[in-house]
Amino acid sequence: MTVPPSHPTSSQLEERIGAAVAEGRSALIAYLPVGYPDVPTSIEAMVAAVEGGADVVEIGVPYSDPGMDGPTIQEAVDVAVRAGVGMADVLSAVSAVAAAGAVPVVMSYWNPIERYGVDRFAADLAAAGGAGAITPDLVPDEAGPWIAASDAAGLDRVFLVAPSSTDARLAMTLAACRGFVYAASTMGVTGTRATVGGTAQTLVARTREADPDLAVCVGLGVSDGDQAAEVAGFADGVIVGSAYVRQLLDGHGPAGVRALSEDLAAGVRRR
Amino acid sequence: MTTTAPVPPPDASLTRPRPEWPDATGHFGPYGGRFVPEALIAALDELSEAYEAMRVDPVFLVEFERLHRDYTGRPSPITEVPRFAEHCGGARVLLKREDLNHTGSHKINNVLGQALLTKRIGKQRVIAETGAGQHGVATATAAALMGLDCTIYMGEEDTRRQALNVARMRLLGAEVIPVTTGSRTLKDAINEAFRDWVTNVGTTNYVFGTVAGPHPFPAMVRDFQRVIGDEARAQVLEREGRLPDAVLACVGGGSNAIGIFTAFVPDEGVRLVGLEAGGDGVETGRHASSITGGDPGVLHGARSYLLQDANGQTIESHSISAGLDYPGVGPEHSYLHDIGRAEYRPVTDSQAMEAFALLCRTEGIIPAIESAHALAGAIALGRELGPDSLLLVNLSGRGDKDVETASAWFGMAEHTAPTDDDERAVEAGRGAEPGPPLGDADDTTVQDGDAL
Ligand SMILES: Cc1ncc(COP(=O)(O)O)c(C=O)c1O
């Protein structure tokens, strides 16, 4: 059966997160960048994250100027950028994550996508089995070409909302999302934090009020199972990045990633 | 009728008609816009709204004019440089003397505006990025003047090669944070400043140093810098009874160039020429010529020309001039280039340093190395346009900060212990023509400017 391209009938992310919620838990979303410490190991680490219990893997495209990332992710991504890691490597990671049974979603600053070609990116990502993309420095206001390309390829698109978003921007952003919306829990960059804080809960409540049907996943700051349980108490999905990357930076390799996933996966079931 | 509000000066730059770009959301044709995390949108909206209100507020306009006059020393004069012009194919050359401003460059024009805006929106702290240190010094100066806390981000690499400016900023009470991420230069300092801003946006305003970055910075910084061209156009008309044939300025991010171009954009007969840093030569790949040697893409919050590789990674730029050593350029320049209203040419390190030496020896003016790129452009363009042509060159800054770099370039530094600046100058000169011996500078046969 062929799906008419301009009317995607399903969203991989919506289905997977919805299934987790139906089980009475939150989805676990693991971020790892392609190419740290090298491409094969980074893909092994993503597969290990899935084996440990991640439902979705956010596959990071290395970028030279990651303005929204803190020191942990910068350090890893810098290595990948210097090694010349590009979209072909990212697409291999997408296929590997899909084969491991999780939903792959690409997370990329806008310039690498624009440079690759927006339509070409959408087509190749869909062909590799990717669900869509999270674009941290692309707001819907500037996203015309991406909205058209992702519609045509039947891909999800995840934009961010922040504690500083006005109600009007919240509504506009949610209307442009498909799959889920990424709620940036605090004002700041990526990195683990001792507390995730009440701002996240308020933001999730505002988001739900504006659109009760769209899944809300919370990122920025979660580092262990207890924090995951706390966030799982109010969000549909828990996004963990720096803590996974920290496992690799500290030399614990894919085994460390798997162990962290197990801890976090238990956390999202304890809410 | 009497009113208590001060009457704005009739000539105030900020109330003059602006070019029809950007549009309401900050687009210059396909360029500009806002490519930033959602978390910053509210702060950018706040800045846009506050700026649009301030721009037409008579109280602000009077204060801004007063600071220009009493603090910066505006209007800056026009100086004709006939001995320098002997090397310019018979063209006459007029310099717009932004080097005579307080703090030594055009950067002060912008920071005074943005510091007043910071006070207006009730924030106590300013942050800024700096490369050469000129924008950092200007921001630290305005912060001291207005009682604001000030943090400056500067690539670790640049804190070493511009140590004098680091000391100036610290004397002025600013905290200087060396940035150790990425290439440890200006582009990484901008990333760090954005990270600080998104984290501390409730208390902090980002004073951006050039006409790049997300909307409203390109339009707002242009408005604050256009006083250069507004003054110069009137000054040239008054003394010459005519407009210049061409207006030249160096282009890093592009603020001094937009500043002098804007008043002349409607004057179709006036050529607008931006000189980019050609480093070792655009063909070597070691340069900072974003328009001549780059392609459109997104960097630091806006779409514009930039230096990037096949994966969309920003390529490190190279220039002897720290202030031009930036892999991007403001979106309005990309637009002016595409519509053919302005032209952009590269100037190599060697050509810039020849022009630098020539101005020192023929006119007794030590220019900033950035500005020397514009002077090199005048040498080449004067030879193309020939006798009786009239060139207006923006001398964006003075060369005090560059004395060590220049001494090393010209081999005058034997008396002092080698510094990082020397190494940088030597490194910048590697693969390029050696600089001319300074003793010969006043009869230097400047290269024909074929690269231009
Ligand atoms: C004297 C001088 N001119 C020019 C520049 C380049 O900046 P822009 O292109 O924004 O004028 C600098 C930057 O530090 C500078 O110090």
Side-chain angles (χ1 to χ4, degrees), chain A residues 61-71 74-75 77-78 80-82 84-90 108-117 121 135-143 159-166 168-170 172-173 181-191 220, chain B residues 24-27 30 32-46 179-184 187-204 213-215 295-304 306-316 327-328:
Chain A
V61 177
Y63 179 51
S64 51
D65 296 274
M68 218 193 117
D69 285 306
Q74 282 177 47
E75 188 180 339
V77 159
D78 200 41
V81 168
R82 283 170 202 279
V85 173
M87 212 53 95
D89 304 305
V90 171
S108 183
Y109 289 89
W110 186 241
N111 200 50
I113 294 178
E114 187 164 296
R115 186 68 164 167
Y116 189 78
F121 170 77
T135 49
D137 63 345
L138 186 71
V139 288
D141 321 53
E142 299 284 353
F159 296 105
L160 279 68
V161 291
S164 60
S165 304
T166 59
R169 286 201 62 83
L170 213 55
M172 185 275 290
T173 304
V181 63
Y182 189 130
S185 64
T186 52
M187 296 296 286
V189 296
T190 57
L220 300 196
Chain B
T25 51
H27 297 92
R34 282 181 180 169
F35 293 81
V36 296
E38 170 66 19
L40 281 178
I41 296 284
L44 292 169
D45 278 342
E46 177 189 31
V179 173
T180 56
T181 52
S183 58
R184 302 171 182 223
K187 86 173 178 66
D188 308 284
I190 294 176
N191 293 335
E192 260 333 285
F194 272 114
R195 290 181 187 118
D196 180 319
W197 200 28
V198 76
T199 309
N200 300 302
V201 70
T203 57
T204 298
H215 178 65
D295 325 88
V298 170
L299 175 65
H300 293 146
R303 180 176 287 110
S304 197
L306 65 117
L307 305 182
Q308 56 179 326
D309 70 12
N311 291 327
Q313 313 295 355
T314 310
I315 296 174
E316 277 174 43

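In what follows, every chain begins at residue 1, and chains take the letters A, B, ... in the order their sequences are listed. These figures come from a predicted structure and were not determined experimentally.
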Taking every non-hydrogen atom, the tightest pair across B:Ala42 and A:Ser164: CB-O, 3.5 Å
Sort A:Val77 into side chain, backbone, both or neither according to what part of it lies under 4.5 angstrom from a heavy atom of chain B. neither
Sidechain N-carboxylate O distance under 4.0 Å for A:Arg115, B:Asp295: yes
Heavy-atom cut-off 4.5 Å, strictly under: side chain, backbone, both or neither for B:Ala43 against chain A? neither
Taking A:Met68's backbone N and O only, do any of them form a donor-acceptor pair with B:Arg195's side chain (distance below 3.5 Å, no angle check)? no
Interchain contact, B:Phe194 with chain A, by part (heavy-atom threshold 4.5 Å): neither
Top residue by heavy-atom pair count (under 4.5 Å) with chain A, among B:Pro296, B:Gly202, B:Gly297? B:Gly297
Where B:Val298 and A:Tyr63 come nearest, the two heavy atoms and their spacing: O-OH, 3.5 Å
CG-CZ distance between A:Leu138 and B:Arg34, expressed to the nearest 0.5 angstrom: 14.0 Å
Can you see which heavy atom on B:Gly182 is nearest to which on A:Asp78, and at what distance? CA-OD1, 4.2 Å
Only pairs of heavy atoms separated by less than 4.5 Å count here; which of A:Thr166, A:Thr173, A:Val61, A:Val85 has the most with chain B? A:Val85
Heavy-atom closest contact (A:Val139 atom, B:Glu38 atom, distance): CG1-OE1, 3.7 Å
Run the salt-bridge test on B:Arg303 and A:Glu142 with the 4.0 Å N-O cut-off and return the result as yes or no. no
Which of A:Ile113, A:Asp141, A:Thr135, A:Asp69 touches chain B most, by non-hydrogen pairs under 4.5 Å: A:Asp69
Roughly how far, to the nearest 0.5 Å, is the CZ atom of A:Arg169 from the CD1 atom of B:Ile41? 4.5 Å
B:Gln308, part contacting chain A, at a heavy-atom distance under 4.5 Å: both
So for A:Pro66, is it side chain, backbone, both, or neither that comes closer than 4.5 Å to the heavy atoms of chain B? both
If you count heavy-atom pairs under 4.5 Å with chain A, which of B:Leu306, B:Asp188, B:Asn200, B:Leu299 comes out on top? B:Leu299
For the residue pair B:His300 and A:Asp65, what are the closest heavy atoms and their distance? NE2-OD1, 4.1 Å
Heavy-atom closest pair (B:Thr314 atom, A:Ser64 atom, distance to 0.1 Å) is N-OG, 2.9 Å
Against chain B, label A:Pro112 side chain, backbone, both or neither, depending on which of its atoms sit under 4.5 Å from a heavy atom there. both
Please look at A:Ser165 and chain B and tell me whether the side chain, the backbone, both or neither of the residue comes under 4.5 angstrom of a heavy atom of that chain. both
Quick one: what part of B:Val201 sits under 4.5 Å from any heavy atom of chain A, side chain, backbone, both or neither? side chain
